[in-house]
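The sequence lines fix the lettering, A, B, ..., with proteins before strands; numbering per chain opens at 1.
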Amino acid sequence: MPDAEKRATHFIEDMIDEDNRSGRWGGRVHTRFPPEPNGYLHIGHAKSICLNYGLAEKYGGEFNLRFDDTNPIKEEQEYVDSIVRDVRWLGARWTAMRDDDPNAGVLFASDYFQQMYDLAVLLIRKGRAFVCDQSPEQVAEFRGTLTSPGRNSPYRDRSVAENIELFERMRRGEFPDGSRTLRAKIDMAHPNLNLRDPVMYRILHASHHRTGDEWCIYPMYDWAHGLEDSIECITHSICTLEFENHRPLYDWYINAINEGNPAPIHHPQQIEFARLELTHTVMSKRKLLELVRGGYVRGWDDPRMPTLSGLRRRGVTPEAIRAFCADIGVAKFNSTIEIVRLENAVRNDLNLRAQRRLAVLRPLRVVIENYPEEKVEELDAVNNPEDPSAGTRKIPFSRIVYIERDDFREDPPKDFFRLAPGREVRFRWAYFITCKSVIKDAAGQITELRCTYDPATRGGDAPGGRKVKSTLHWVSAERSIPAEVRLYDHLFSVPNPEVDAPGGDYKANLNPASLVVLSDCRLEPSLATVRIGDRFQFERLGYFCVDPDSTPGRLIFNRTVTLKDAWIKIEKGRAR
RNA sequence: UGGGGAUUAGUGUAAUGGUAGCACGACUGGCUCUGGACCAGUUAGUCGGGGUUCGAGUCCCUGAUCCCCAGCCA
């Protein structure tokens with residue numbers, strides 16, 4: 001990734017540096033991202049992708065995208081497609097990737113099923129695996145507990161010949177689901193429960209999204225995963241902390257295969273790191289699925305979701321996500337990142353590239369009494385003060401304009417220096433405006449402001465250097481266009497929705513104000529020609545992007561993130 | 001009465017026996033045609049207790065706390 005910045009090395013880089021010094025892998029670095037296609041990718045996966053791809057890139061190595069598709073019951077092609085799309089969007093480049101074929105170079109564990117099967121037969125021949133007829137309940141009962149040893153399965157000492165025959169019959173489909181398993185013969189008293197004769201294969205008469213009905217036995221993750229990495233000659237198998245307990249089992253499998261083997265298989269080094277946790281959201285696939293299925297959000301790509309598709313629809317750029325991942329670091333400490341860090345990365349990125357526009361979300365009508373009725377002026381506005389090459393555009397100014405209701409106070413509190421009766425402010429790129437009077441309806445609601453403008457301040461500067469305390473955004477009433485704007489806030493109203501869950505239900509912490517739809521917004525006319533996905537800064541408000549729900553006649557914008565707002569901070573401080 | 005990990009400002013993350021630094025947050029101030037951005041400053045930390053050493057976040061001993069593991073899920 002081109003935007004990798006200079007920073008201290010983390011522990012995995014230190015390990016690779018050490019490997020390179022010792023010549024362990026001959027200078028080779030080969031990583032992979034191994035998702036199970038049973039859900040959509042989220043920001044936590046982005047951390048793993050950035051880590052794995054980033055290492056391959058940094059060390060001139062290779063990076064595989066491989067699906068860990070060993071459980072047909074939970075996996076679907078829809079998820080495969082979305083994951084390929086998201087990894088590509090994030091900017092990772094896998095080995096043999098092509099831009100004209102989405103699936104080129106994508107790898108699948110299911111392509112290795114026969115090799116895995118052959119290796120399982122090898123372990124049976126070596127007396128290291130056996131077919132077990134225990135029921136799932138019996139297996140659990142015989143496993144023992146955390147503090148007490150298990151007992152051997154009564155089927156543990158079957159002959160090699162019988163095991164081979166039964167395993168072949170399992171594959172042929174002669175037995176019902178759950179009736180038999182293939183298990184490794186290790187140690188039922190081992191303090192690490194993963195080594196108490198773990199199941200290697202289970203019978204599953206289920207159709208697989210890629211292999212169809214070719215198989216009715218499927219390898220367990222622990223058996224399959226290490227072999228996948230071995231087959232692909234992965235050097236550094238990077239995974240999350242909870243698999244630390246499994247590493248001895250992967251090592252056992254490969255050692256058992258290689259013992260006395262004239263053609264030993266590759267033995268990758270597994271390294272564990274802490275997965276990403278974020279405040280004000282949830283990250284487990286199960287809970288995200290529940291939010292989608294339960295209608296709590298509008299889908300996997302709801303802009304409030306931490307999914308990559310949600311973030312993309314929200315207007316977050318892949319560059320911002322990569323910068324965020326680089327910023328938070330990699331370690332073995334189970335930490336929770338404050339979501340403002342992500343928001344900050346988004347602002348930093350968009351500040352530099354998003355063009356500025358004027359948009360009024362909650363319009364308040366303003367009549368400029370001394371401005372001619374029919375006159376319209378095209379005023380010059382800078383597109384991006386951070387990027388002179390973005391140029392300028394014209395904005396029409398006229399007698400009647402809209403400003404933000406929040407930008408006027410009839411009785412302004414201290415430190416409020418926006419518009420108020422008798423006060424002069426600047427209209428961005430236009431004129432100095434003074435509020436002369438306030439018009440209200442019968443209910444006492446402000447419906448209109450009557451103001452005057454100073455013709456000498458055209459463009460926004462006073463000739464004598466006269467200052468105003470604030471600059472407001474505005475749009476011409478007649479020459480602006482309507483739009484719907486969707487304001488998003490944190491999905492959950494508390495930092496740790498799973499920990500502080502009333503009644504044990506994290507959903508009780510859903511933020512009722514996470515989506516606010518404003519349907520009467522007014523935009524400057526240059527926005528009439530935008531395309532879906534285009535991003536802008538609406539000055540003084542935040543960053544917004546065009547939602548796919550937009551139609552030619554009706555523009556819909558999503559608020560990606562607000563600008564920092566010093567005034568809100570002052571107000572909140574006063575409330576306290 | 002198990003095994004495996006972890007613990008540095010509010011939140012993260014560096015420091016690999018030698019000045020505890022950085023980012024975000026918070027708070028000041030400056031600047032500004034976005035109360036944005038930018039600039040300057042302030043705040044605040046090595047889980048506890050022993051030990052080794054001229055010197056310990058780092059090494060040793062000993063406690064504490066937190067996370068993971070008893071799916072034919074991954």
Student: Given the structure, check if the side chain of A/R418 and the base of B/G35 hold any donor-acceptor pair shorter than 3.5 Å.
Tutor: yes
Student: Work out how far the P atom of B/U1 is from that of B/A64, and round it to whole angstrom.
Tutor: 16 Å
Student: Between B/A14, B/G5, B/U11, which nucleotide gets closest to the side-chain atoms of A/A331?
Tutor: B/A14
Student: Will you find, in the side chains of A/E168 and A/Y117, an N or O donor that is under 3.5 Å from an N or O acceptor?
Tutor: no
Student: Base, sugar-phosphate, or nothing for A/R347, non-hydrogen atoms under 4.0 angstrom?
Tutor: nothing
Student: Classify the nucleic acid contact of A/V382 as base, sugar-phosphate or nothing, counting any heavy atom under 4.0 Å across all strands shown.
Tutor: nothing
Student: Ignoring backbone atoms, establish whether A/R341 has a side-chain N or O less than 4.0 Å from OP1 or OP2 of B/G25.
Tutor: no
Student: Quick one: label A/F417 by what it contacts on the DNA or RNA (base, sugar-phosphate, nothing), any heavy atom closer than 4.0 Å.
Tutor: base
Student: Which part of the nucleic acid, if any, lies within contact of A/E244, taking any heavy atom under 4.0 Å across all strands shown: a base, the sugar-phosphate backbone alone, or nothing?
Tutor: sugar-phosphate
Student: Could you walk me through whether A/R535 and A/E319 pass salt bridge (Lys or Arg N to Asp or Glu O under 4.0 Å), step by step?
Tutor: CA-CA 14 Å; A/R535 304 181 187 90; A/E319 290 84 356; over 6 Å; no
Student: Nearest whole Å is fine: how far is B/G4 P from A/Y250 OH?
Tutor: 17 Å
Student: Determine the interatomic distance between C1' on B/A15 and the same-named atom on B/G57; round to the nearest Å.
Tutor: 9 Å
Student: Nearest-Å distance, CG (A/D187) to C1' (B/G2)?
Tutor: 13 Å
Student: Strictly under 3.5 Å: I want the nitrogen or oxygen pairs between protein and nucleotides 8-10 of chain B, one per line.
Tutor:
from: B/G10; atom 1: N2; to: A/E338; atom 2: OE1; distance (Å): 3.4

Student: Using atom NZ of A/K564 as one end and atom P of B/C27 as the other, report the distance to the nearest whole Å.
Tutor: 11 Å
Student: Would you mind calling B/G71 syn or anti? Take O4'-C1'-N9-C4 for purines or O4'-C1'-N1-C2 for pyrimidines, and syn is within 90° of 0.
Tutor: syn
Student: Would one find more than 12 heavy atoms of other residues, nucleotides or ligands at under 6.0 Å from atom CZ of A/R293?
Tutor: no
Student: Taking atom C1' in both B/G45 and B/C22, what distance in whole Å separates the two?
Tutor: 13 Å
Student: Would you tell me whether A/Q355 and A/R393 have side-chain atoms, one donor and one acceptor, within less than 3.5 Å of each other?
Tutor: no
Student: Going through the checks in order, is the ring-ring contact (aromatic ring centres under 6.0 Å, His included) test met by A/F243 and A/Y250?
Tutor: CA-CA 10 Å; A/F243 295 106; A/Y250 307 147; 7.5 Å; no
Student: CG of A/N334 versus P of B/G4: gap in Å, rounded?
Tutor: 18 Å
Student: Would you mind reading off the distance between A/R357 atom CZ and B/U34 atom C1', rounded to a whole angstrom?
Tutor: 15 Å
Student: What integer distance in Å separates A/D327:CG from B/A14:P?
Tutor: 12 Å
Student: Testing the 3.5 Å rule here: is there a donor-acceptor pair between the side chains of A/E272 and A/H246?
Tutor: no
Student: In whole angstroms, how far is the P atom of B/A6 from the CD1 atom of A/I271?
Tutor: 14 Å
Student: Should A/Y218 and A/T211 be marked as a side-chain contact (heavy atoms from CB on, under 4.5 Å) after you check the CA-CA gap, both sets of side-chain angles, and the distance that decides it?
Tutor: CA-CA 11 Å; A/Y218 290 91; A/T211 61; 4.3 Å; yes
Student: Take A/K74 and A/E36 through the test salt bridge (Lys or Arg N to Asp or Glu O under 4.0 Å) and record every step on the way to the result.
Tutor: CA-CA 9 Å; A/K74 291 187 175 178; A/E36 183 190 16; 6.0 Å; no
Student: Which part of the nucleic acid, if any, lies within contact of A/E272, taking any heavy atom under 4.0 Å across all strands shown: a base, the sugar-phosphate backbone alone, or nothing?
Tutor: nothing
Student: In whole Å, what separates the P atom of B/A20 from that of B/C47?
Tutor: 16 Å
Student: Rounded to the nearest 0.5 Å, what separation is found between the CD1 atom of A/I73 and the CG atom of A/N38?
Tutor: 12.0 Å
Student: Check the angle between the aromatic planes of A/W567 and A/F416 and answer parallel, tilted or perpendicular using the 30° and 60° thresholds.
Tutor: perpendicular
Student: Once you apply a heavy-atom cut-off of 4.0 Å, does A/F11 come out as touching a base, just sugar-phosphate, or nothing?
Tutor: nothing
Student: Checking A/D380 against A/T392: is there a side-chain donor and acceptor pair closer than 3.5 Å?
Tutor: no
Student: Please measure how far the C1' atom in B/C39 lies from the corresponding atom in B/C31, and state the result in whole Å.
Tutor: 8 Å
Student: Considering only the C1' atoms, how many Å lie between B/C24 and B/C60, rounded to the nearest integer?
Tutor: 37 Å
Student: Can you tell me how far P in B/G12 sits from the matching atom in B/C67, rounded to whole Å?
Tutor: 14 Å
Student: Would you sketch RNA chain B in dot-bracket for me? Only Watson-Crick or G-U wobble pairs with both distances under 3.5 Å count, crossing pairs as [ ], other-strand pairs as |, the rest as dots.
Tutor: .((((((..((((....[..)))).(((((.......)))))....(((((..]....))))))))))).....
Student: Distance check needed: B/G25 P versus A/I568 CD1, whole Å only.
Tutor: 16 Å
Student: Scan A/P149 against the nucleic acid and name what it touches under 4.0 Å (heavy atoms): base, sugar-phosphate only, or nothing.
Tutor: nothing
Student: Give every pair of a protein N or O atom and an N or O atom of nucleotides 69-74 of chain B that lie under 3.5 Å apart, one pair per line with the distance.
Tutor:
from: B/C69; atom 1: O4'; to: A/N245; atom 2: ND2; distance (Å): 3.4
from: B/A70; atom 1: O3'; to: A/R143; atom 2: NH2; distance (Å): 3.4
from: B/A70; atom 1: O2'; to: A/R143; atom 2: NE; distance (Å): 3.1
from: B/G71; atom 1: OP2; to: A/R143; atom 2: NH2; distance (Å): 3.1
from: B/C72; atom 1: OP1; to: A/R143; atom 2: NH2; distance (Å): 3.4
from: B/C72; atom 1: OP2; to: A/R143; atom 2: NH1; distance (Å): 3.2
from: B/C72; atom 1: N3; to: A/G178; atom 2: O; distance (Å): 3.3
from: B/C72; atom 1: N4; to: A/Q134; atom 2: O; distance (Å): 2.6
from: B/C72; atom 1: N4; to: A/P136; atom 2: N; distance (Å): 3.2
from: B/C72; atom 1: N4; to: A/G178; atom 2: O; distance (Å): 3.0
from: B/C73; atom 1: OP2; to: A/R202; atom 2: NE; distance (Å): 2.9
from: B/C73; atom 1: OP2; to: A/R202; atom 2: NH2; distance (Å): 3.0
from: B/C73; atom 1: O3'; to: A/R202; atom 2: NH2; distance (Å): 3.1
from: B/C73; atom 1: O2'; to: A/N71; atom 2: ND2; distance (Å): 3.0
from: B/A74; atom 1: OP1; to: A/T70; atom 2: OG1; distance (Å): 2.9
from: B/A74; atom 1: OP1; to: A/R202; atom 2: NH1; distance (Å): 3.2
from: B/A74; atom 1: OP1; to: A/R202; atom 2: NH2; distance (Å): 2.8
from: B/A74; atom 1: OP2; to: A/Y221; atom 2: N; distance (Å): 2.9

Student: Can you tell me which nucleotide in B/A14, B/U34, B/U16 comes closest to the side chain of A/H10?
Tutor: B/A14
Student: Taking only the side-chain heavy atoms of A/V340 (C-beta and beyond), determine which of B/G36, B/C24, B/G35 contains the nearest atom.
Tutor: B/C24
Student: Angle between ring planes, A/Y453 versus A/F397, binned at 30° and 60°: parallel, tilted or perpendicular?
Tutor: tilted
Student: Check the angle between the aromatic planes of A/F33 and A/H45 and answer parallel, tilted or perpendicular using the 30° and 60° thresholds.
Tutor: perpendicular
Student: What integer number of Å spans the P atoms of B/U65 and B/G71?
Tutor: 27 Å
Student: Checking side-chain polar atoms at under 3.5 Å, does A/Y431 have a donor or acceptor matched by the opposite partner on A/D454?
Tutor: no
Student: Please compare A/S335 and A/L241 by the position of their nearest nucleotide in RNA chain B and report the one closer to 5'.
Tutor: A/L241
